[in-house]
Amino acid sequence: MSSPLIRTLGLGKSYDTAAGPFPALMGVDLDIDAGEFVAIMGQSGSGKSTFMNLLGCLDTPSSGDYFLVGRNVGHLGQDELASLRNRSIGFVFQGFNLLQRMTLADNVALPLVYAGVDREQRRQRAQQELARVGLAAYAESLPSRISGGQQQRVAIARALVNAPQLILADEPTGNLDSHTSEEIMRLFAALNGQGMTIVLVTHEADIAACARRQVRFLDGRIVSDVATPAEVLDEC
């Protein structure tokens, strides 16, 4: 039996404050298999964002272990973490994070620059991923010339361009209206249907309902982990 893509064992994270250590995450055990679509839910301060930062190798745990693709991430140095992020993880953020003076194609290709891919290959792969999200015709446009929903599609294309094993999406519909949010969630569902593993942080129940599994945090711990009913998924 193959190991899960993500495994956390007793994962904890504390932050130093004037009043002493603050435990943001406590003893989290969670497995996520390749090909899953998981929503991480919880109120502000529940620990979900801390957990996402640890999954994305943007922070390191204070206790416990985090295995990504079989590697114990907590034991890696900063250079190794940066390399793992670039190779294995695609990020999608609430604020799109597109560079306004670069074309959409150049925005999508940016992770390939850090990966050392030559210019022609970068161009080809960026065009492929823009086509995948339905924006091939906009490759030479600037971000200011397209809608918020289209900008998020560009951000998703950028997350995909390095062929990662995992997409981490942090409140990806937070800046979008309800109709556009539905379009973005349908795109995530389609990518998951093609085999992409997606972990999405949200505080919105209707967005979480489009994931196949919902994990809820409260006070730094997991309090529920349930599969989304098929009839609910059918409505997304």
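Note that these values count all heavy atoms, side chains included, but never hydrogens, waters or copies made by symmetry.
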Main-chain N/O of [Y] paired to [X] side chain as donor or acceptor, under 3.5 Å:
X      : Y      : value
Gln214 : Thr228 : no
Thr202 : Ala208 : no
Asn72  : Asp65  : no
Lys13  : Pro61  : no
Asn162 : Pro164 : no
Asn107 : Thr103 : yes
Arg158 : Phe96  : yes
Gln165 : Ala34  : no
Thr17  : Gly20  : yes
Arg213 : Val226 : no

Is it the case that more than 12 heavy atoms not belonging to [X] sit under 6.0 Å from its [atom1] atom?
X      : atom1 : value
Gln78  : CD    : no
Asp219 : CG    : no
Asp118 : CG    : yes
Arg87  : CZ    : yes

As an exercise, state the distance from [atom1] of [X] to [atom2] of [Y], rounded to the nearest 0.5 Å.
X      : Y      : atom1 : atom2 : value
Leu11  : Ile222 : CG    : CD1   : 9.5 Å
Leu99  : Leu142 : CG    : CG    : 11.0 Å
Arg132 : Leu191 : CZ    : CG    : 5.5 Å
Thr60  : Leu81  : OG1   : CG    : 7.5 Å
Leu84  : Cys57  : CG    : SG    : 4.5 Å
Leu130 : Tyr138 : CG    : OH    : 11.5 Å

Handout entry: Sequence-distant partners of Tyr114, ring pair (Phe, Tyr, Trp, His ring centres under 6.0 Å), two or more places apart
Key =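 Residues passing ring pair (Phe, Tyr, Trp, His ring centres under 6.0 Å) with Tyr114: none at all.
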Do [X] and [Y] have side-chain N/O donor and acceptor atoms under 3.5 Å apart?
X      : Y      : answer
Gln150 : Ser147 : yes
Ser3   : Arg7   : no
Gln43  : Arg216 : no
Gln128 : Gln124 : no
Thr50  : Asn53  : no

Exercise for the section: In sequence, state the C-alpha distance, the side-chain angles, and the governing distance for Leu54 and Thr8, and then conclude on side-chain contact (heavy atoms from CB on, under 4.5 Å). Expected result: CA-CA 10 Å; Leu54 294 176; Thr8 70; over 6 Å; no
Can you check whether [X] reaches [Y] side chain to side chain, under 4.5 Å on heavy atoms?
X      : Y      : answer
Pro4   : Ile32  : no
Leu55  : Leu168 : yes
Val232 : Pro229 : yes
Arg71  : Glu80  : yes
Lys48  : Glu171 : yes
Asn97  : Phe91  : no
Leu112 : Leu110 : no
Ile156 : Phe188 : yes

Heavy atoms only: give me the nearest [X]-[Y] pair and the separation to one decimal.
X      : Y      : value
Pro111 : Asn86  : O-ND2, 3.4 Å
Ser14  : Pro23  : OG-CA, 3.7 Å
Ile207 : Ser181 : CD1-CB, 4.2 Å
Ala105 : Ala126 : O-CB, 3.5 Å
Ile146 : Ser141 : CG2-CB, 4.5 Å
Leu233 : Cys210 : CD2-O, 3.6 Å

Exercise for the section: Just do the side-chain contact (heavy atoms from CB on, under 4.5 Å) check on Val154 and Leu98 with the steps written out, would you? Expected result: CA-CA 8 Å; Val154 174; Leu98 302 180; 3.9 Å; yes
Problem - Apart from Leu9 itself, residues in the same hydrophobic cluster as defined by side-chain heavy atoms under 4.5 Å - result: Phe67
Exercise for the section: If you link ILVMFWY side chains whenever their heavy atoms are less than 4.5 Å apart, which other residues fall into the same cluster as Val223? By chain and number, please. Expected result: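 For the cluster that includes Val223, the remaining residues are Leu218.
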Practice task
Kindly indicate, with the supporting measurements, whether the criterion side-chain contact (heavy atoms from CB on, under 4.5 Å) is fulfilled by Ile6 and Asp31.
Solution key: CA-CA 6 Å; Ile6 289 169; Asp31 284 357; over 6 Å; no
Check for me, please, whether [X] and [Y] land in the same ILVMFWY cluster - side-chain distances under 4.5 Å, paths through other members count.
X      : Y      : answer
Val199 : Tyr66  : yes
Leu200 : Val28  : no
Val215 : Leu166 : yes
Val133 : Leu176 : yes
Leu135 : Met185 : yes

Problem - Qualifying residue for side-chain hydrogen bond (donor to acceptor under 3.5 Å, both in side chains) with Gln94, from Asn175, Asp170, Thr173 - result: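 In the set Asn175, Asp170, Thr173, the residue that makes a side-chain hydrogen bond (donor to acceptor under 3.5 Å, both in side chains) with Gln94 is Asn175.
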Practice task
Before accepting this row, confirm whether a basic side-chain N of the pair Arg212/Glu36 lies closer than 4.0 Å to the acidic partner's carboxylate O.
Solution key: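 Salt bridge: no.
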